[in-house]
Amino acid sequence: MSRYNAAEAEPKWQAFWTENRCFAAEADPARPKYYVLEMFPYPSGRIHIGHVRNYTMGDVIARFKRARGFNVLHPMGWDAFGMPAENAAMERKVHPGTWTYDNIAAMRGQLKRMGLSLDWGREFATCDPEYYAQQQALFLDFLEAGFVYRRESVVNWDPVDMTVLANEQVIDGKGWRSGAPVERRALTQWFFRIADMADELLAAIDGLENWPEKVRLMQANWIGKSRGLQFAFDTLGAPEGHERLEVYTTRPDTLRGASFAAISCDHPLSLALEGTVEGLDAFSAECRRLGTSEEQLEKAEKRGFDTGVRVKHPLIEGETLPVYVANFILMDYGTGAIFGCPAHDQRDLDFARKYGLAVLDTYHPKGLEDFPESPEAGHAEPYVPLKSETVRYVRPVQGAHRDMTGDRAIAEAIDWAEQAGMGEGVTKFRLRDWGVSRQRYWGCPIPVIHCPNCGIVPVPKDQLPVRLPDDIDFEKPGNPLDRHPTWAHVDCPVCAAPARRETDTMDTFVDSSWYFARFTAPRAETPTVMEDAAYWLCVDQYIGGVEHAILHLLYSRFFARAMIATGHLPEGAAEPFDALFTQGMVTHETYRSADGRWLTPDEIRRDAESATEIASGDAVEIGPSIKMSKSKKNVVDPDAIIQQYGADTARFFMLSDSPPERDVEWTAAGVEGAWRFLQRVWRLATELGAAPAAEGPTDPAALALRKATHKTIAGVTADIEGFTFNKAVARLYELANALGSAAQQAEASGMAQARREGIETLLRLMNPMAPHLTEELWQTLGHTTPLVDMPWPQADAALARDDVILLPVQVNGKKRAEVEVARDADKDSIQALVLETPDVVRYLDGKPPKKVIVVPGRIVNVVV
RNA sequence: GGCCCCCUGGCGGAAUUGGUAGACGCGGGGGUCUCAAAAACCCUUGCCUUAGGGCGUGCCGGUUCGAGUCCGGCGGGGGCCACCA
């Protein structure tokens, strides 16, 4: 009995595809196109199992669409700038470029061993000067068009990496790579004007129908549109020029309950008061020192400092509110000043309790007309009633009056305030401009020159790229470009005076914001070629991890719009990714020895219930299945799997067990299962007899097999279209089971033909998942056209449909019988048949049924 | 704190979107072949029950002829954002 030899077959077919340029894409307006893209990898040195899952899914789609007649673009590249290369340079004294390109070479080899249908002719790395030259050209066009600007800003400074981090790169107050607590520093930075586009980026989310709802929500929340009221308090006792205090609120309906105002320590009023109010300077200094990490925020008390300044209550004549500087007010959201309504906001309530401020309700609690007007028992905070008969005390927010708040009350309050000339309804966004300056070497240089006479001067386009110098020194922290003896020194292109290059490089998110477009014309002397972009874009299917749901995708959407505005993309390409799929992680059990050492899967022997360490024979504690990580040692190496079982087994397993959007657990048993199935398919195909003899009358068993075959075609096709690969795999198993049974009845008339049809169909349906094995078998069966060039099989509708169906019969909602009826039988005849069925007669007990519900093709329910 | 999602056998998961719950796989049990083992193949496998049947999709309630699916409440798990006014 022969076996599938992956070690021989896989390289053979990979060479065949390469030699025949099977996956080289060429724009052809006469053919419908399909652009499949997986998020390109960072060249860390080795592919990991998550890559295998990601690229396998993409490859299934690419090969499927190809077989369906599409002109498929399926490219691969490298997100190659970034700090790991610099870290490697510092640790191992190797040039970041050398390290990166070596890694790319290694990973390219690994990807090729997976047998992916990639157009390697379009490959590029973002650190290629040919790529970043075009990125610099884009930057200059963006600068000219006003999408880029420079300003001083307080930035997140990573003291270990000595670089600026975007807000998004600060996680829990720590640098996302170094993990060091982030400090605040004022620096002049380059920004992309993404905030101006907030409304459009938000509105367009509605059109992204083929994106996961989860991602659309995350983007919408990130953009953070809010509608509120902006108005000014009149101040009492404030310094000159601060007669009014602007505040913004999303809850103008609670304004009557205001009992204090609070401002940021960086607010102009607070700054003006510094030095004039005793204790304020010290308090402000303390606020500025406050960290921004989650724990710090959690623990940080809500503290305020009474400035002595007061503001007039805008709704209650004669009433005034104290103005506090408070440590929880952000200067860069809204106006940096708020009013506090303790009755309707937990934080304001905490603050009010602490400083003995009034807690005033603005709503009469529904159904609680006798609610006490004095503090409820159990509340110890002082109660200071305002002189207004409409004001009542209630507990904050929750409960009976919740239904009276909400959008309607807010909208009415804004209308009222506008008509009263008190303030105006405004829309604010959470989204801030995108700071792209990085004080790093291994990134795309920002192509401008600082001239003492002319100021900021763009590098003329014919002088692009501004290349990174090769002779660099990583001995000291900070930016090597800044320290380079000659690189930054350059004459001004306008006045020829000695000038200095910009030494900041771009955030690597810039690199990945337009690579999808570059793939449509990867060797062009301009960033894109309109004709190619118009043909290939948008990306029809984008696949990657949900960790990029916000930043990368939002930046790409911004870039696409900016590129349209600067003439680099056609109108209509504003949304770069028509369909998005976010795949789950690959997890693995963790193993720990009695003395607490983490063990790799290779170091243990796993039985059904337990595990032992191979070296010692000791029992091993089995931990939960979690994301693979080096520290927990629960890592499997894709290369080792491919070497042992072949790429097809790894690919097939990645698709079989779990729905693609969910996490999948990597288990040795699962891999074995996939391997066994592939061997079974091998056997089914190789044991198939010679070409079928002349046809006799078709035996029912043969017809049943043909029906199973065609149902499988319809099902697998729908499953691949719907990204339910696990279901497609289940159907392939079912067909293989049917073929196995059929082999036992090989003598039945028409069975030889039915088996051949079934097996060939199985191979064709499996081809996108296990391309090598199926090509090999296809050839073995005598075909000269390789599967890669075969069209997708078509289901025969008549065969895929059942003519007679088994209809379940319920009595009072419980299944009691089944009846066999024609698929298109009418309700009356079904009902008549059901009422004669012995099991139903028994339950009727001689009486007529109260009701009979017949759902043709589904079910019958008899109510007695 | 805000927004969102999920909960189905021992396990991963199906269920035509309100119509036979548990497809398919893993694991388990039994068998065939073999001197033996591996491989392979066959049968079996939600729980309870002596038959007939009863019970079952986190828990409680509701809507419906019919609920894993819809509604309300509770419990548990997870994700994203977060001093955002």
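Chain identifiers are assigned alphabetically (A, B, ...) following the order of the sequence lines, protein sequences preceding nucleic acid strands; residue numbering begins at 1 within each chain.
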Roughly how far, to the nearest 0.5 Å, is the [atom2] atom of [Y] from the [atom1] atom of [X]?
X       : Y       : atom1 : atom2 : answer
Y333(A) : R430(A) : OH    : CZ    : 9.0 Å
D657(A) : D663(A) : CG    : CG    : 13.0 Å
D648(A) : T56(A)  : CG    : OG1   : 9.5 Å
E424(A) : Q230(A) : CD    : CD    : 7.0 Å
D802(A) : K707(A) : CG    : NZ    : 5.0 Å
L655(A) : N726(A) : CG    : CG    : 9.0 Å

What is the pairing partner of [N], taking Watson-Crick or G-U wobble pairs with both distances under 3.5 Å in any strand?
N      : value
G1(B)  : C81(B)
C70(B) : G62(B)
C55(B) : G46(B)
U20(B) : none
C41(B) : G31(B)

Sugar-phosphate only, base, or nothing, as touched by [X] at under 4.0 Å among non-hydrogen atoms:
X       : result
L732(A) : nothing
L217(A) : sugar-phosphate
V863(A) : sugar-phosphate
K214(A) : nothing
L806(A) : base
E818(A) : base
T249(A) : sugar-phosphate
G857(A) : nothing

Nearest-neighbour nucleotide for the [X] side chain, [options] considered:
X       : options                : answer
R662(A) : C83(B), G13(B), A85(B) : G13(B)
R3(A)   : C80(B), A39(B), C65(B) : A39(B)
R683(A) : A85(B), G19(B), A40(B) : A40(B)
N726(A) : U20(B), G13(B), A85(B) : G13(B)

Look only at the side chain of T335(A) and the backbone of E246(A), and say whether a donor-acceptor pair between them is shorter than 3.5 Å. yes

Given 3.5 Å as the limit, does a donor-acceptor pair link the side chain of T717(A) with the main chain of I713(A), or not? yes

Got a list of protein N/O to nucleotides 50-56 of chain B N/O distances below 3.5 Å?
| from | atom 1 | to | atom 2 | distance (Å) |
| --- | --- | --- | --- | --- |
| G54(B) | OP1 | R816(A) | NH2 | 3.3 |
| G54(B) | OP2 | R816(A) | NH1 | 3.3 |

Syn-anti status, with the boundary at 90° from 0, for the nucleotide G9(B): syn

Can you give one letter per nucleotide of nucleotides 24-30 of chain B, going 5' to 3': B for a protein heavy atom under 4.0 Å from the base, S for sugar-phosphate only, - for none? SSSS---

Scan side-chain atoms only and decide if Y733(A) and S656(A) contain a donor-acceptor pair under the 3.5 Å cut-off. no

Mind checking side chain to side chain contact (heavy atoms under 4.5 Å, CB included) for L217(A) and listing every partner two or more places apart, or none if nothing turns up? E213(A), N221(A)

